[in-house]
Amino acid sequence: MGRNPVTWLGSPTFPNAARDALADVQLRGNLAHATSTIRTKRAAAVAELPDWQQLRLSGEAIKDDVLSNLDVYLERMEAAVTARGGIVHWARDAAEANEIVLRLVKETGADEVVKVKSMATAEIGLNEALEEGGVSAIETDLAELIVQLGDDRPSHILVPAIHRNRSEIRDIFRARMSDVDDLSDEPADLAEAARAHLRRKFLSAKVAISGANFAVADTGSVVVVESEGNGRMCLTLPETLITVMGIEKLVPTWSDLEVFLQLLPRSSTAERMNPYTSVWTGVTPGDGPQTFHLVLLDNGRTATLADRVGRQALRCIRCSACLNVCPVYERTGGKAYGSVYPGPIGAILTPQLGAGTDDPATAALLKSLPFASSLCGACYEVCPVRIDIPKVLVHLRGKAVDGSHSPEAVAMAAASWVMRSPARFRLAQRAATVLRLVARRGQVKRLPWPGSRWTDSRDLPAPPKESFSAWWRRTRG
């Protein structure tokens, strides 16, 4: 899959995957119900804060400062973690990160680990790498557990099993858990079954693997926020803790962290604060894990940082607000994006992290993702750190077609040539009226190739009987 396996091997391009997703009535119903519920709750939570826009501006400024001085803050973080008994590892790509984590687990003698949800580990395919090395990874987040037991793929940043309803979850639990043959589909019963299943794992695990929502460079503190308590169990009970963290997750100081602990819960779960906010700093003798490893992951982030327009994607705090307002995501779901990062943020982050892949299928998927948007701008309006996703989408679309011989590039070159001449433009306008012959109710539904590249996913408005310029010459000339 190339140097940055941020996509699932063999995933089709977005248009092909979206076509299949749109035909799944159950999926569309599940998504519509879940995203509309989250949108409504988030709007109410955000409306409570009169300084919400100021908080967004603060979050944007802090993140931009970190990205502009990333080398300084990373070295500060490494020094602080080391001074407090932790061990820091640097991973250039997925293969190196997976090798480091597998080696650390093997050194403990463990053949099973518990995990608190981490998109970074999913990004690098850590579970698969551990399995190949003889180590079982147990997901402890409820939604991640559902995905894992169902041999499924996550489809949402915050709610990975958003595409499943409770009856489907009950069937998965009955098939993969013991002593649950009479399990109902009531949420309380499903949660209790998961709790009992996981409790045994928590109490026996010697090694835990976590991600990180934030890390404070000044003190070397790592922060995980979650809603179920599974993270607290993972972060306190095992003897060894291994954290895999993208290098962009830093904040400089504790006062900077305060901003994000207000932005994140309201944007993601529509809560005033996270039920569980776990913070640890190195190793504390006699309290919690006695060995702490921090793996700092690049995996395309440095290359993304070099793009002055695209780098703002690294501000992302994984709140998922952009997914819940996106009309494209609501109809196709996250699997259509072929990546652990779905939705609008995935459409700009995945192509940048995966740039340079040597797998043709993956390259085709990455090239298609910036086009998985209507450019309505709703994602920018809700982003708590003000990532201008539409701007980056247009930027990446330009890079995708620049210098290529795709139908889109050829069409744009032809349009440019036509529009440089008033005479050619008028001739093209007159020629376009022929499309009225194949229009139905004011729309052209289907054109032969290469026009089918447009009409496969969009309707084409039928041209008017008379163009504006022709009307102007006739009435004002």
Side-chain angles (χ1 to χ4, degrees), residues 24-42 44-45 112-119 122 127 136-205 208-211 224-238 265 268-278 320 323-324 330 333-335 342:
D24 189 333
V25 177
Q26 180 68 64
L27 172 68
R28 293 182 64 176
N30 294 350
L31 289 168
H33 172 73
T35 55
S36 63
T37 300
I38 297 172
R39 279 199 306 270
T40 302
K41 290 182 177 180
R42 178 202 167 276
E112 185 175 88
V113 299
V114 290
K115 291 181 63 193
V116 54
K117 63 180 179 180
S118 166
M119 301 199 77
N127 285 10
S136 299
I138 310 300
E139 297 290 352
T140 66
D141 174 78
L142 177 57
E144 291 282 3
L145 177 66
I146 294 166
V147 169
Q148 185 178 46
L149 293 179
D151 296 321
D152 204 351
R153 293 174 175 176
S155 62
H156 194 275
I157 289 176
L158 180 67
V159 194
I162 195 172
H163 56 287
R164 298 287 194 182
N165 61 32
R166 63 191 196 183
S167 296
E168 293 173 309
I169 295 169
R170 175 203 59 202
D171 294 341
I172 291 171
F173 282 7
R174 284 179 175 177
R176 299 297 299 272
M177 292 181 180
S178 58
D179 302 323
V180 292
D181 293 340
D182 58 348
L183 181 66
S184 77
D185 64 358
E186 288 299 315
D189 293 339
L190 296 172
E192 176 59 24
R195 187 199 67 80
H197 174 79
L198 290 172
R199 181 57 60 95
R200 295 186 293 272
K201 303 295 184 182
F202 287 133
L203 295 178
S204 63
I209 297 174
S210 85
V224 164
V225 296
E226 38 103 13
S227 301
E228 300 168 14
N230 62 297
R232 184 67 54 84
M233 303 282 274
C234 284
L235 300 169
T236 57
L237 293 178
S268 56
T269 56
E271 295 170 297
R272 297 180 179 90
M273 65 182 292
N274 291 97
Y276 294 89
T277 300
S278 300
S320 77
L323 280 69
N324 299 322
E330 185 178 3
K335 293 184 185 180

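As a basis for the values below, the full set of heavy atoms in this structure was taken, side chains included, without hydrogen atoms, waters or symmetry mates.
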> Side chain of Glu139, backbone of Glu144: donor and acceptor closer than 3.5 Å?
Replying inline: no
> Could you go step by step and tell me if Asp185 and Ile169 meet the side chain to side chain contact (heavy atoms under 4.5 Å, CB included) rule?
Replying inline: CA-CA 8 Å; Asp185 64 358; Ile169 295 169; over 6 Å; no
> Okay, side chain of Arg166, backbone of Pro187: is any donor-acceptor separation there less than 3.5 Å?
Replying inline: no
> How many angstroms lie between CD in Glu112 and OG in Ser136, if you round to the nearest 0.5 Å?
Replying inline: 6.0 Å
> Could you state the interatomic distance from NZ (Lys335) to NE2 (His156), rounded to the nearest 0.5 Å?
Replying inline: 14.5 Å
> Will you find, in the side chains of His163 and Asp152, an N or O donor that is under 3.5 Å from an N or O acceptor?
Replying inline: yes
> So, for Gly211 and Val224, which heavy atoms are closest and what is the spacing to 0.1 Å?
Replying inline: O-CG2, 3.3 Å
>> Does any part of the side chain of Asn30, heavy atoms only, come nearer than 4.5 Å to the side chain of Glu168, both counted from C-beta?
In response: yes
> If you take all heavy atoms of Ser210 and Val116, which pair is closest and at what distance?
Replying inline: CB-CG1, 3.1 Å
> Are the side chains of Met119 and Ile157 in touch, meaning some heavy atoms are under 4.5 Å apart?
Replying inline: yes
>> Measuring only between side-chain heavy atoms, which start at C-beta, is Thr140 closer than 4.5 Å to Lys201?
In response: no
> Run the side chain to side chain contact (heavy atoms under 4.5 Å, CB included) check on Leu149 and Met177 step by step: do they pass?
Replying inline: CA-CA 9 Å; Leu149 293 179; Met177 292 181 180; 3.8 Å; yes
> Heavy-atom distance under 4.5 Å between the side chains of Val114 and Met233, does that happen here?
Replying inline: no
>> Using 0.5 Å steps for rounding, measure from the CD1 atom of Ile138 to the NE2 atom of His197.
In response: 6.5 Å
> Is Arg164 salt-bridged to Asp171, cutoff N-O under 4.0 Å?
Replying inline: no
>> Checking Leu142 against Glu228 for the side chain to side chain contact (heavy atoms under 4.5 Å, CB included) test, could you report, in this order, the C-alpha distance in whole Å, the side-chain angles of both residues, the deciding distance, and whether it holds?
In response: CA-CA 8 Å; Leu142 177 57; Glu228 300 168 14; 3.5 Å; yes
>> Contact between Gln148 and Lys115 at the side-chain level, heavy atoms closer than 4.5 Å - yes or no?
In response: no
>> Just so I know, are the side chains of Leu323 and Thr35 near enough to count as touching, which here means a heavy-atom distance under 4.5 Å?
In response: no
> So do Arg170 and Asp189 actually touch side chain to side chain, heavy atoms under 4.5 Å?
Replying inline: no
> Counting only heavy atoms not in Arg272, do more than 12 sit closer than 6.0 Å to its CZ atom?
Replying inline: no
> Gly150 and Ile172: which non-hydrogen atoms are nearest, and at how many Å?
Replying inline: N-CG2, 3.8 Å
> At their closest point, which heavy atom of Ala45 faces which heavy atom of Ala270, and how far apart are they?
Replying inline: CB-O, 3.7 Å
>> Consider side chain to side chain contact (heavy atoms under 4.5 Å, CB included). Of Val159, Leu31, Ile38, which one does Asn324 pass it with?
In response: Ile38
>> Measuring from atom OG of Ser118 to atom CG of Asn127, what distance do you get when rounded to the nearest 0.5 angstrom?
In response: 9.5 Å
>> Using every non-hydrogen atom in the two residues, find where Val180 and Arg174 come nearest and quote the distance to one decimal.
In response: O-CG, 3.5 Å
>> Tell me the closest heavy-atom pair linking Ser155 and Pro342, and the distance in Å.
In response: O-CG, 3.9 Å
> Side chains of Ser184 and Glu186: is there a donor and an acceptor less than 3.5 Å apart?
Replying inline: no
> Considering only heavy atoms from C-beta outward, does the side chain of Asn230 approach that of Phe202 to under 4.5 Å?
Replying inline: yes
